[in-house]
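These figures come from a predicted structure and were not determined experimentally. Just so you know, these numbers use all the heavy atoms, side chains as well, and skip hydrogens, waters and symmetry mates. Lettering follows sequence order; numbering is per chain, from 1.
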Amino acid sequence: MIAKVIVDIPVKETDRPFDYKIPLEFESFIQPGMRVLVPFGPMKRLGFILSIEKQSEIKNLKAISQVIDPTPVLTTELLSLGKWLSAETLCPRLFAFSAMLPAVLKGNYKKIVRINDKESLARDYPTLLDILLNKPEMEWTELLKKEPQQSDSLNAAMKKGYISIIQWIKNDRRTYKRIRYITTALSKDELMDVSSKLDKRSLKQKQVLEYFINQESHLKVEITEILKRLNIGPSSIKQLVKKGYLVETTEEVYRDPYADKEIERTTSLPLTTTQKNALAPIQESIRSQTHEVFLCHGVTGSGKTEVYLQAIEKILNMGKEAIVLVPEIALTPQMVHRFKGRFGDEVAVLHSGLSQGEKYDEWRKVLEGTVHVAVGARSAIFAPFKNLGLIVIDEEHETSYKQEEQPRYHARDVAIFRGKYHQCPVVLGSATPSLESYARAKKGVYHLIQLLERVNQRSLPEVQMVDMREELRANNHSMFSKQLFEKLQDRLEKKEQSVLFLNRRGYSTFVMCRDCGYVVQCPHCDISLTYHRKQGMLKCHYCGHQEPYPSRCPECMGSHLRYFGTGTQRVEEELTKVLPEARVIRMDVDTTQRKGSHEKLLTAFGEGKADILLGTQMIAKGLDFPKVTLVGVLAADAMLHLPDFRSSEKTFQLLTQVSGRAGRDKLPGEVIIQSYSTEHYSIIHASNHDYQSFYDQEMQMRYRHHYPPFYYLAMITLSHTQVTKVVDTAEKIADHLKKGLSSGAQILGPTSSAIPRIKDRYRYQCMVKYKREPNLLSLLKRIQEHYPTGTKNDDLKITIDLNPFLMM
DNA sequence: AGCACGCCGACT
DNA sequence: GTCGGCGTGCTC
């Protein structure tokens, strides 16, 4: 028997199956989708079994050395999904597989020193031996770094053969949480007998026996429980176990990140007529087991989630499974509670806040079939269910569903692949659907479902626009307009809460010299440095470079340096100046770095411990605070002028979403949008809650400029340390494209990227706009093969992104 | 990725 | 004349 194996080396040269003999002892249980250890050249590597065959074309096959998994970690479906994904996104198949699995299952390769001849080593290089014995699994390069004075001895010992370097694969980093229990086979009388025979000094042991005598029955007890109860160390129990009076057992458990949270169970809410009408076609698709994509356009507060929940309920009753995707930032405790509350232990939650072990356990619950619903961010789309009945993608327009590294996939495309495979519906939900999806729905490719009224007839908040140019003319130079300031004051008096939203992108705090206009740039990237007040440092957000805030301008040596832009920190400062009595919670990358701090801040705000919540993107989504009656957007047009054809769409989506945060409960909400471009259609339509008009106008723009959804895009980005090399290659590639594609395709560029240099590498890009190019994938693949790209710093790098979301 | 093979420069 | 640089090429 032969196995076709993809070997764990993520370069295109090895991105093909290799054949291996299956040793007799593995034949009975080996299956596709299992990971194996195989010899590859001089090394041993992990690999994924694609298939098992009778024979092979290749002679002199090597044999699989080890089978790692007792059961497959990739289902047949996921194996073929991996093949499709690597073909569609032009990435090695290994990357596709890795994206589907939790991080703990990835191979961990190390080179370590093995001692061959301990005696000689002890004689000739005793200090070296000491070090090696102390740190037996130390990585070889690490060892050289930490013990540079030993490098001579190391080399000499190596030459003499006392030691050698071997490759070490921690092929299984799976960790299991185990609970240790203590129990006893003895009866109470026997225990008392034992206790009386113990040495007088064994007080602690007697205590332990006492504890068991007083137990109701011979139940097993958690060891930590006993230690805590009796306030003793583990040694006395160990003694008793050793003597055979007590028995220790261990049991493997899932780590449950939500174990210590009490979540109240909920039941289905009665649906409004609109909700019922929305649910009906989805249920029909479920019932008839046909694949269909639904676009559920529901305004904020229209009760989309309840529709999802009841569709899932139906799935569970049929014994099937469901995946629910939510954007990472919307994966708030509030959202999780809703699903846990309805389905309890049926739900696995997968998001970046979990530890590696926790993620593995949640994933394992899916694989082992102990849960039937997976709620998670983008990568949860790969949840290894075998009997999928429904996939929901909430906030469908979110750009975080597109992965920006290999494999550059969009969760929506994967969802549709899986939906077709399982013949089940895919539901895309949004208050502000992406133009691509809405256009498809209008064409009838997707089934459009509308939920255009809020439940309980609550009205959408009133939105007021403020032209900041007029504020300037009225001599108001603060970042708060008169209207916003007055309303903030008003809420403060009424003891109601406000949310202030700052879109920091495009508005970071850069440092400029007021004498000569010099802006402090990163020495490695063509981008200005961002000022971090707390540390008094300037940092580059692309390469991590940092330097102290200069006292003089590096250009003209003038001393009039000043930081510009409106970071959240600056808003906070100004807020405390103008409204000193207001209690402010600031939420941005700086204040939410630590695990759990995100949740803590939100809980504090929810409990009314602050009057104003000030934050970036992350506060725009999914928050539901009844006492918030005012939402202020400080700079609505901040990202309108980014070099991205989706900037209007993003602005519209963000404004709509932020506005939805106001007036979630009985109190009516108000929204103030400050902007320098009040006449821009995305801002006007957002303030009128008018998706349709925005869609129509934006579609005209996309049509005129040949952008999606009228055209598809493919972006090729090259980078190299030398400009000439990049430009040359980019031009050659553009030529290839022009020759290989039809006249209907447009090739733009090569031009320098929006950020022309990152980490000392120059960046050029080519964009292809096309409608139908059946040859595009194979042409791009040939280009990829033709221009060797290495991983060393001075190698050329080519990235190909189909349907890019990041235009830089 | 990691290693061998292989073809050109400064040295015992 | 050799040791060693790292440029291609292969790994079932």
Separation of [N] [atom2] from [X] [atom1] (nearest whole Å):
X       : N       : atom1 : atom2 : result
E53(A)  : dC12(C) : CD    : P     : 18 Å
I64(A)  : dC12(C) : CD1   : P     : 13 Å
Y109(A) : dG2(B)  : OH    : C1'   : 12 Å
L50(A)  : dC12(C) : CG    : C1'   : 13 Å
E57(A)  : dC12(C) : CD    : C1'   : 12 Å
D15(A)  : dC12(C) : CG    : C1'   : 15 Å

Centroid-centroid under 6.0 Å between H410(A) and F805(A) rings: yes
Residues which pass ring-ring contact (aromatic ring centres under 6.0 Å, His included) with Y125(A), listed by chain and number, not counting sequence neighbours: none
Side chain to side chain donor-acceptor pair (under 3.5 Å) involving E362(A) - partner list, sequence neighbours excluded: K365(A)
Test side chain to side chain donor-acceptor pair (under 3.5 Å) applied to R93(A) - qualifying residues, sequence neighbours left out: none
Residues in side-chain contact (heavy atoms from CB on, under 4.5 Å) contact with P407(A), at least two apart in sequence or another chain: L85(A), T89(A), C91(A), F95(A), A99(A), Q403(A), Y409(A)
Contacts of E77(A) that satisfy salt bridge (Lys or Arg N to Asp or Glu O under 4.0 Å) - sequence neighbours left out: R418(A)
Mind listing the N/O atom pairs, protein and nucleotides 6-11 of chain C, below 3.5 Å?
{"unit_1": "dT11(C)", "atom_1": "O3'", "unit_2": "G41(A)", "atom_2": "N", "d": "3.3"}

Touch class at under 4.0 angstrom, heavy-atom based, for I58(A) against every strand present: base
